[in-house]
Number of protein chains: 2
Amino acid sequence: MEEKFRLDNQLCFRLYTASRLITQAYHPLLGEYGLTYPQYLVLMVLWEKDAQPVNDIAKRLLLETNTVTPLLKRMEAEGILTRTKGEKDARQMIVKLTKKGRELQNKLTDVPEAVGSAVLCESVTPETVPGLFKMLDDIINQLKDNNKTTD
Amino acid sequence: MEEKFRLDNQLCFRLYTASRLITQAYHPLLGEYGLTYPQYLVLMVLWEKDAQPVNDIAKRLLLETNTVTPLLKRMEAEGILTRTKGEKDARQMIVKLTKKGRELQNKLTDVPEAVGSAVLCESVTPETVPGLFKMLDDIINQLKDNNKTTD
DNA sequence: GTTAATTATATCGTTCACGATGCAAATATA
DNA sequence: TATATTTGCATCGTGAACGATATAATTAAC
């Protein structure tokens with residue numbers, strides 16, 4: 001009874017579990033360099049474009065600044081990046097990679113490939129991934145707007 | 001440069017974000033009854049089959065007991081469930097719904113529908129959802145085994 | 001039937017997420 | 001140019017996740 005409450009019918013539980021398990025797959029690879037998965041995400045944002053204010057990083061990751069700020073402080077303590085007050089706008093904190101932060105890109109060069117191949121399976125192949133990306137992107141865009149206007 | 005590190009090419013970031021955003025969509029609906037999303041998951045497990053040991057609940061959710069135990073204690077404190085020592089095996093803690101816990105199912109009856117329709121979009125429809133489920137299930141099964149054997 | 005290994009749960013410490021709130025700098029308005 | 005509003009970031013508290021470790025009960029090995 002109550003088919004709609006069955007765990008096996010829940011999209012969210014699948015996303016939640018798949019997300020956790022992939023993050024776990026990253027763990028041994030990143031842990032070697034003292035990184036967590038969210039920290040790895042910050043690195044990817046800064047490798048794409050260095051010297052960004054906290055807000056831009058948070059927006060890119062669809063996170064709140066109160067999540068990102070402590071994360072950045074820990075990374076600063078590790079010597080991966082610096083946080084300096086913006087010059088034209090003193091409210092901003094400009095986040096910049098250190099040499100160590102930039103060099104991590106070379107050290108982690110095998111990570112995307114390793115995790116990518118760990119995920120490949122019967123229904124998830126180079127041919128089907130674009131379709132999966134499209135569905136996840138649609139869900140994300142749908143909820144991104146929705147969660148703001150609804151509550 | 002370094003296309004492989006681009007955030008837009010990452011499956012994990014999409015899963016992580018989609019998971020977070022759907023959980024956020026649940027938040028106002030569950031918050032009305034003082035529930036979090038992981039607590040809602042526990043309820044679904046127990047609605048399916050009441051009176052389970054901690055371990056069975058954890059296994060069903062693919063979580064560790066050190067995550068589930070504090071979660072259950074909070075729910076016990078809320079009067080949603082009880083935790084009693086197993087009779088045949090004194091190591092087990094049998095988790096049982098209270099009247100309040102069972103009644104929550106009626107109160108939350110509109111939640112699955114509400115979240116379901118919030119997620120529907122161009123590429124995610126009743127026709128495409130089974131395919132999405134299949135891909136996520138395959139990923140989960142792949143990693144479930146992998147994460148155990150690899151590290 | 002002791003001792004050793006295993007199992008079920010709990011405790012601890014660290015790192016997210018995130019709502020709520022605070023504060024200072026910048027911008028808009030009067 | 002005062003005052004009000006908005007913006008960017010930080011702080012605080014709570015609830016997960018999860019690795020590491022501990023403890024007690026059960027089972028296996030001898």
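Labels below follow one simple rule: chain letters A, B, ... track the order of the sequence lines, proteins then strands, and each chain is numbered from 1. The figures that follow rest on heavy atoms only: side chains count, while hydrogens, waters and symmetry mates do not.
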Asks: Could you name each residue pair satisfying salt bridge (charged side-chain N to carboxylate O under 4.0 Å, His left out) that touches residues 118-133 of chain A, not counting sequence neighbours?
Replies: E122(A)-K134(B)
Asks: Specify whether Y37(B) and Y16(A) have parallel, tilted or perpendicular ring planes, treating 30° as the upper limit for parallel and 60° as the lower limit for perpendicular.
Replies: perpendicular
Asks: Taking NE2 from H27(B) and C1' from dA16(D), how many angstroms apart are they, rounded to a whole number?
Replies: 12 Å
Asks: Heavy atoms only, 4.0 Å cut-off, all strands: where does K85(B) land among base, sugar-phosphate and nothing?
Replies: nothing
Asks: Between atom NZ in K88(A) and atom C1' in dG8(D), what is the gap in whole Å?
Replies: 13 Å
Asks: When the distance from CD of E64(B) to C1' of dT11(C) is rounded to whole Å, what number comes out?
Replies: 15 Å
Asks: In whole angstroms, how far is the P atom of dA24(C) from the CG atom of D89(A)?
Replies: 16 Å
Asks: Between the protein and nucleotides 13-16 of chain C, which nitrogen or oxygen pairs come in under 3.5 angstrom?
Replies:
unit_1: dC16(C); atom_1: OP1; unit_2: T36(A); atom_2: OG1; d: 2.7
unit_1: dC16(C); atom_1: OP2; unit_2: Q39(A); atom_2: NE2; d: 2.9
unit_1: dC16(C); atom_1: OP2; unit_2: R74(A); atom_2: NE; d: 2.7
unit_1: dC16(C); atom_1: OP2; unit_2: R74(A); atom_2: NH2; d: 3.2
unit_1: dC16(C); atom_1: O5'; unit_2: R74(A); atom_2: NH2; d: 2.7

Asks: Could you tell me the separation between the CE atom of M75(B) and the P atom of dG15(D), rounded to a whole number of Å?
Replies: 13 Å
Asks: Closest heavy-atom contact between E32(B) and L29(B)?
Replies: CB-O, 3.6 Å
Asks: Roughly how many Å is it from CZ in R20(B) to P in dA16(D), rounded to a whole number?
Replies: 17 Å
Asks: What I'd like to find out is whether the side chain of K85(A) reaches to under 4.5 Å of the side chain of M93(A), using heavy atoms alone.
Replies: yes
Asks: Side chain of M93(B): nearest nucleotide among dC18(D), dA26(C), dT9(C)?
Replies: dT9(C)
Asks: Inspect the contact between D137(B) and K144(B) and indicate whether a charged nitrogen and a carboxylate oxygen are less than 4.0 angstrom apart.
Replies: no
Asks: Nearest nucleotide by nearest heavy atom, which residue falls closer to the 5' end of DNA chain D, T23(A) or I94(A)?
Replies: I94(A)
Asks: Measure from the side-chain heavy atoms of V54(A) and tell me the nearest of dA17(C), dC9(D), dT26(D).
Replies: dC9(D)
Asks: Decide if atom NZ of K96(B) counts as having more than 12 heavy atoms of other residues, nucleotides or ligands within a radius under 6.0 Å.
Replies: no
Asks: Looking at T65(B), I'd like to know whether one of its side-chain N or O atoms comes within less than 4.0 Å of OP1 or OP2 on dT9(C).
Replies: no
Asks: Hey, mind stepping through E87(B) and I94(B) against side chain to side chain contact (heavy atoms under 4.5 Å, CB included) and telling me if it holds?
Replies: CA-CA 9 Å; E87(B) 296 189 350; I94(B) 306 297; over 6 Å; no
Asks: Hey, which of these two, L63(B) or Q92(A), hits DNA chain D nearer its 5' end, going by closest nucleotide?
Replies: Q92(A)
Asks: Report yes if a side-chain nitrogen or oxygen of Q24(B) is closer than 4.0 Å to either non-bridging phosphate oxygen (OP1 or OP2) of dC18(C); otherwise report no.
Replies: yes
Asks: In whole angstroms, how far is the P atom of dA16(D) from the OH atom of Y40(B)?
Replies: 15 Å
Asks: Could you tell me how far apart I57(A) (CD1) and dG8(D) (P) are, to the nearest whole angstrom?
Replies: 14 Å
Asks: I'd like to know if R91(A) reaches the base of dT7(D) with its side chain such that a donor and an acceptor end up less than 3.5 angstrom apart.
Replies: yes
Asks: Within the pair K73(B) and dT11(C), is there a side-chain N or O less than 4.0 Å away from OP1 or OP2?
Replies: yes
